[in-house]
Each structure stands twice: as C-alpha cells, then as structure tokens.
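Worksheet: one structure, shown below.
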Amino acid sequence: MDFLSYLPFDLPHPALLLAGVLEGTVLAAVLALTALGLSIVFGIMRVVNVAHGEFYMLGAVLAWFVTTWVAAVTGGPPWLGFAVALVIAPLVVGAIAAATDWLVLKRLNYDPEATIVATIGILYIIQQLALTFYGPYARPVEAPFDFRVATPYFGYSGYKLVVVGAAIALMLVVWLVLTRTRIGLVMRATQYDRETAQAFGIPVDKVYAGVFALGAGLAAIGAVLIVPIRQADYLMGGDPLLLSFIVVILGGLGSLRGTLVAALFIGLADGLISTIYDATLAKILATLLVAMVLVFRPQGLFGARAA
Amino acid sequence: MAADEITRGTNRRTLLKGAAAIGAVAAGSQLLPGAARFAQAQSSAPIKVGFQVHRTGIGAAYGRWYDRTTKAAAKLINENGGINGRPVEIIAEDDGTDPKRGAEVIEKFANKHECDVAFGTLFSHVVIGSAPRAGELKLPYFVVSEGHHVASGMLNRYTLQPGITDVKSQVQSMAPWVADNLGKKVTMIYPDFAFGHDHRDYFSEAIERQGGNVIAKIAVPPRETSFFKYLPKIPKDTEVLYHVMVGPGVLTFVKEMGEYFGDDRPEIFGFIDSLEAVDIASPGLEFLEGSHFWEGYPRYAGPNQSEHDKFYRAAVGVDDNGASLSDPKDISTYAHMFGCWETLHILKAGMEAADYKGPKDRQALIEAVENMDVFPESQAHPQGSKLFNGRTHQAFAHQHISKVEGGKLVPVHKTSIFDTYYEDEVDYTKMSF
C-alpha cells in the first residue's frame with residue numbers, strides 16, 4: 001500500500017468509506033422506490049406531482065397509527081403491526097391518491113400547468129390535515145426486528161440492510177407488472193398514445209386513477225420501510241420530494257431505467273460525500289448536478305428527446 | 001323571576017343615573033367619560049402576557065410542555081390573587097419554531113393583542129430573530145431560552161432571561177466534573193445553529209481550562225433526520241463523547257449512536273436535550289446504561305425531593321418519572337420547562353415592585369427586574385435558588401449531572417451556583433430605553 005503515500009491527497013479512512021457506502025445504499029434503495037412512483041406518474045400521465053412527498057409522509061404517519069393500534073388491540077410483537085402497516089398504508093394512500101385524481105386532476109383534464117398548481121395545493125392540504133390529526137411531533141415506530149451487524153470498524157443496523165433487500169424486491173415486482181402483465185401493457189399503451197388507447201377501448205380514466213394510486217402507494221411503501229429508522233412527522237415529505245425530483249430529472253422524466261440508475265448514483269454520492277465531507281455539501285452538489293443536466297441535457301441522462 | 005326583575009330594575013336605574021352623570025360632565029369635557037371608563041377598566045382588566053410557543057416545527061415537544069407549565073403557573077398566580085390584584089391572561093401564539101414567524105408573533109402581541117409583555121420561547125434562533133422586533137416595539141420580552149445570546153450583549157434592554165441559566169453557565173460548570181471523572185479528550189456532536197455553537201465555543205474553552213481539549217467538533221444541521229453518517233467522524237482516541245441534539249430526530253440520533261458503538265463505547269456525556277420528551281427506557285437505548293447526562297432539573301423525583309418540587313410536579317401534572325400524570329408515555333421536558341414557571345413568578349414580582357398599571361410602566365417593570373438579585377428556593381422557584389445579574393439580564397443556578405441506572409436518571413452531582421458564574425460581557429442597564 002506504499003504507493004498510496006504518493007497520492008496528492010489523503011485517502012479517507014476505510015471506516016468512512018464503508019459507512020458512506022452503507023448509508024448511500026440505504027438511501028438509494030428508498031429513493032429509487034419513491035422516485036419510481038414520481039417517474040411512473042409523470043411518464044404515463046404527464047403530471048408533475050408536487051404532492052408526492054406528502055403521500056410518502058402519509059405512509060409513515062399511517063404506519064404509526066396502524067402499529068400503535070395493532071399493539072393496543074392484540075398486544076402482539078412489533079413485527080405484526082409492521083406487517084399490517086406494510087399492507088394497509090400503501091392501500092389507504094393509494095385510495096386517497098385515486099380519489100384525488102378523480103376529484104381534482106381529472107377535472108383539470110390533466111393540463112400540465114394546472115396540475116402542478118393543483119398538486120401544490122394538495123401538498124398543503126395533506127400536510128395540514130396530518131398536522132391536525134397526527135400532531136406536530138415526531139413519533140417512533142418500532143422496527144419489526146433488529147439485529148446489529150458488526151463490521152471491523154463499527155456496528156450497523158441489520159434492519160437497514162433488510163430495507164435494501166425489500167426495496168429491490170419491490171422494484172422487481174413493479175418492473176414485472178409493467179412489462180409482463182396485461183395491466184402493464186394497458187399502462188404502456190396509455191403512455192404511448194392516450195387517444196388511440198381510448199379508441200381501442202382502454203378505460204383511460206381508470207388507468208390514470210390506477211397509475212396515480214400506484215405512484216403514491218410506492219412512496220407510501222418506501223415510507224413504511226424507512227419509518228423505523230427515521231420516525232414519522234408531518235414535515236418529513238420535503239426531503240424525499242426534493243431528492244425524487246433530482247433523481248427523476250437526472251434520469252430523464254418518464255424513464256424507469258434512468259430513475260433507477262440516477263437513484264443509485266444520487267444515493268451513493270450523498271452517502272459518501274456527507275460521510276466523508278459534509279451533508280450540506282452533498283445536497284449542494286446534487287442540486288448543482290441537476291442544474292447542469294437541465295442546461296446541457298434537458299431530456300435527462302436516459303430520457304428521449306421530446307419530439 | 002323576582003330576582004331577575006330586581007336586577008333588571010337596578011340595571012336600568014344605574015344606567016339612567018350613569019347617563020345623567022355622563023350628560024352632566026360631557027358638557028364640560030368630551031374626553032372625561034372615556035378617561036373614566038379606562039381607569040375603571042384598568043383596575044380589573046387582565047394583564048396580558050403574550051406567550052410565544054413552539055406549537056409546531058422542530059421545537060413542538062418543548063412547546064407542548066412549556067404550554068402546560070405556563071398554564072399551571074398562571075392558574076396558580078390567579079388563584080393567589082393575580083398580579084397587583086389583576087388576573088393574568090396568557091395569549092398563546094405559535095411561532096412554528098421559526099425566527100421569521102417569531103418576529104411576526106411579537107408584532108401581533110404588541111399591535112393586535114395589546115399585550116403588556118411577551119414571554120416564552122426556547123429555541124435560540126427564534127429568540128435571536130424576535131428580540132430586535134421586541135426592542136423596536138418597546139415590548140418587554142422574557143425568554144426561557146438557555147442561549148448565551150442574552151448575556152453576551154447581542155440583544156437589547158427589553159430582552160431578559162431571569163428564569164433559566166444559559167449554555168455558557170451550564171457547560172462551564174460541567175467541564176471540571178467531566179475532566180475529573182470521564183476523560184480529557186473530548187469529541188463534541190452538536191446542532192449547527194446558535195445554541196449548538198454556544199456549546200461548542202464555551203465547552204471547548206472550559207475543558208481547556210481543565211487541561212483537556214476537544215479533538216473533534218461535529219456539527220449536525222438542526223433538521224437532520226439521519227445521523228449515522230456523522231458518527232464515523234468520531235476519532236478513535238476519543239475518551240469522552242459529548243452530545244447535545246435537538247429536534248424531531250433526537251431519538252433516532254441516540255439509537256444510531258448505540259448501533260454504531262455497541263458495547264465498545266467511549267464515555268458518553270450528553271445534555272438531556274438529546275432525550276428531552278423521550279423515555280430513557282425506549283428500545284434501542286440500553287447502551288446508555290452507565291452514561292451521564294446534564295440535567296437542568298432532575299427528571300426523576302429522587303429520595304431527596306423537596307416539598308417545592310412535589311408541589312410543582314403536581315401543579316403541572318407530572319409524575320415521579322417525569323411523565324404526564326394522564327399518559328405515562330408522554331415524557332416531559334423537565335430539565336427546561338421549570339423556566340416558564342419561574343419566569344412568570346418573576347414577572348409577577350417585577351410588576352408588583354414597579355406598581356405596573358399598563359404599557360406606560362414597561363420601563364419601570366424592566367428596571368424593577370434589573371434590580372433583583374436573589375431568587376430563594378420556594379414554590380415560585382422549585383428548581384432551586386438563583387442569582388440574577390441585572391446588568392446582563394441573566395440568571396445563574398445549580399446544575400445537575402445524572403447517571404443512567406436501570407433505565408432511569410439518578411443524580412450524582414450538583415454544582416454550586418458559583419460554578420456557573422462568569423464575568424459580565426455587557427451592561428444593559430447603561431443602554432437607553
């Protein structure tokens with residue numbers, strides 16, 4: 001390793017590198033799941049959903065309600081409440097999203113500018129409702145199980161590693177649904193050409209409601225997975241929204257492959273930069289990168305140029 | 001029915017007499033009736049205390065308990081005859097734990113609610129954002145904030161902190177004990193805003209005076225939700241890890257610290273801020289056993305509990321474990337919230353000393369408080385006796401160090417008040433109003 005001493009800079013300590021990679025991977029996994037929802041909604045519906053972060057927050061808050069309720073009613077172990085939350089939270093959030101689509105977005109004819117303003121309004125409505133009914137406090141949800149993984153330098157939460165695995169599995173499922181099932185085919189047809197799809201008898205309204213629900217549900221699942229690590233509070237939707245936008249713009253709006261690659265890149269970069277240098281620097285660089293991409297490659301790294 | 005008739009009759013008669021009287025004097029002066037009504041109202045009208053409170057934002061847990069403590073203190077004061085015979089009315093406004101909103105709330109107190117004084121809030125950035133506006137509006141502003149910004153001279157003559165010690169006092173009284181009992185090579189983790197910077201600057205100075213030094217300073221943004229990434233920056237030769245954290249993520253912070261260290265941890269010295277409103281016996285905090293905390297006021301009622309503490313706990317609704325009487329999972333911010341109780345009692349004493357009648361006596365109120373020097377331990381000061389320095393507008397008090405034993409905090413050391421004293425950095429009494 002002597003040759004390393006000739007480098008013009010000090011290599012970071014391996015403990016820092018390892019911690020950065022681990023934290024980055026966890027962030028990337030959850031981010032991919034959240035950004036995927038945003039990306040699918042934009043890709044198929046051409047709606048920029050500014051309220052996406054609030055669906056994420058709702059997932060976490062519902063997880064708290066469900067786990068608390070299950071623990072109070074059954075007195076069961078933490079994993080039972082968590083498992084119930086993992087099913088109920090995305091379903092409820094998806095239903096709320098479908099209702100939002102029917103009540104608001106559909107009436108605006110999915111006009112791109114109008115839906116941006118409308119989803120900003122929805123963001124505040126959801127946030128203030130959460131403040132009213134859940135309160136301003138951060139509340140913990142107990143992890144379904146916890147074990148400590150010892151590395152040579154420090155210990156790490158085993159649950160966080162499970163979260164990575166769960167996120168990968170979920171993304172595989174989404175990919176299979178979109179590419180291998182009839183529902184996925186219908187969705188892709190709607191994305192490709194809305195009017196023709198309608199002419200061929202595809203119930204575009206229902207597809208849109210379903211897609212919006214799917215996008216919100218993915219954010220909610222991401223939140224349920226993360227809440228034992230982070231706690232639930234009514235303002236937690238801001239950061240994931242910003243990061244999801246960064247990921248989706250970077251990867252190319254509507255490109256699922258781009259979203260995944262960008263999530264991995266942003267997650268790892270954030271983990272490494274904030275561990276080795278500074279958390280604020282990581283955010284600055286990510287935002288700068290987005291600005292550069294918008295200037296030099298506005299369609300994103302994997303996006304197709306608009307015709 | 002008969003009684004009603006009489007009352008109605010009396011009212012009508014009184015009204016007629018009043019009208020006649022007004023008619024008589026109104027000929028002489030248009031102003032007099034108005035002035036007479038005001039004087040009458042003043043004698044019984046409530047004293048309005050604008051209460052700036054963190055209902056939302058990162059300070060919400062503190063706000064909940066500051067609110068309960070303030071209400072309990074106001075109730076007690078009113079039961080005992082109020083201030084100068086007038087009832088106290090608490091007018092609460094949410095500052096969102098946000099400096100800009102804080103300044104707006106101060107304006108509302110002065111202009112909309114016509115409060116006599118403003119009072120309350122904790123987070124240093126809110127106080128620093130609000131105090132200049134209070135000074136401009138000439139509204140006395142009694143803060144319960146802990147920051148050194150009052151005594152440092154950064155603020156103004158209208159801002160006072162008589163009910164709680166500041167961070168500079170707290171950390172300099174901790175440093176000798178930390179150096180003697182835990183170690184001299186210290187790594188600090190603190191939130192990256194005024195409050196955390198006070199910890200960083202004054203503890204570093206204080207531990208150096210003890211022959212120790214701070215080998216790493218790790219600043220964490222106050223809205224951070226994930227803390228693991230900061231922990232690998234702790235140097236391996238750290239003897240004492242000094243942590244102080246605020247905001248909604250505190251429990252996550254301490255849990256991640258436990259995952260990081262496991263059984264192989266340095267000595268840990270924390271400010272209870274890192275676990276205010278959080279149960280020490282929460283899952284994941286077992287590793288804290290044997291570690292130490294600063295406490296402004298011990299959360300658990302020990303065998304030496306004073307009668308004043310007993311009274312105060314019952315009045316606010318806190319059990320012997322520092323939790324709400326109605327919900328044992330609702331943990332208080334016991335180390336800080338006593339400041340609201342004590343400050344309201346000082347406000348009462350100050351207004352009575354100044355014979356406070358209305359906003360024109362605000363300067364007299366401030367001068368009366370500036371003239372105070374000792375607050376003996378009492379029902380009004382359950383945390384213990386305090387010295388008050390009128391020149392710097394800052395109180396000094398005993399501090400406590402507790403050890404985590406069996407998932408509870410057990411006091412092991414109590415500093416003297418003089419351990420917290422430092423030389424004046426400002427003389428507000430020389431500033432004009």
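Note: hydrogens, waters and symmetry copies are ignored here, and every other heavy atom, side chains too, is used. In what follows, chains carry the letters A, B, and so on, assigned in the order in which the sequence lines appear, proteins first and then strands, with residues in each chain numbered from 1.
By the 6.0 Å contact criterion, CG on B:Asp237 is enclosed, its count of non-hydrogen atoms from other residues, nucleotides or ligands being greater than 12. Residue A:Phe65 places its CZ atom among more than 12 non-hydrogen atoms of other residues, nucleotides or ligands, all under 6.0 Å distant. A 6.0 Å sphere centred on CG of B:Asp327 holds more than 12 heavy atoms belonging to other residues, nucleotides or ligands.
Top candidate by heavy-atom pairs under 4.5 Å with chain A, chosen from B:Ile58, B:Val220, B:Thr225, is B:Thr225. The choice from B:Pro232, B:Gly258, B:Gly57 that makes the most heavy-atom pairs within less than 4.5 Å of chain A is B:Pro232. Contact tally against chain B (heavy-atom pairs below 4.5 Å) for A:His13, A:Lys160, A:Met236: the top residue is A:Lys160. By number of non-hydrogen pairs under 4.5 angstrom with chain B, the leading residue of A:Tyr234, A:Tyr153, A:Phe154 is A:Phe154.
In terms of heavy-atom proximity, B:Phe228 sits nearest to A:Ala19 at CE2-CB, 4.2 Å. In plain terms, the two heavy atoms of B:Thr252 and A:Ile229 that are nearest each other are CG2-O, 2.9 Å. A pairwise comparison of heavy atoms in A:Ala279 and B:Lys229 identifies CB-CE, 4.1 Å as the closest pair.
To the nearest 0.5 Å, atom CG of residue A:Leu16 and atom CG of residue B:Leu231 are 11.0 Å apart. Separation of atoms CD (A:Glu23) and OH (B:Tyr230) is listed at 10.5 Å; rounding is to 0.5 Å. For the atom pair A:Phe147 CZ and B:Glu259 CD, the distance stands at 11.0 Å (nearest 0.5 Å). Atom NZ in B:Lys329 sits 11.5 Å away from atom CZ in A:Arg139 (nearest 0.5 Å).
Proximity to chain B is absent for every atom of A:Thr151, based on heavy atoms less than 4.5 angstrom apart. For a residue to count as touching a neighbouring chain, one of its non-hydrogen atoms must lie under 4.5 Å from one of that chain's; by this rule A:Asp146 touches chain B with the side chain only. If you measure heavy-atom distances from B:Phe261 to chain A, the contacts under 4.5 Å come from the backbone alone.
Within the 4.5 Å cutoff, the side chain of A:Arg230 has heavy atoms near those of the B:Ser226 side chain.
Under the 4.0 Å criterion applied to side-chain N and carboxylate O atoms, B:Arg223 and A:Asp233 are assigned as salt-bridge partners.
Of the possible donor and acceptor atoms, one in the side chain of B:Lys233 sits under 3.5 Å from a partner among the backbone N and O of A:Tyr277.
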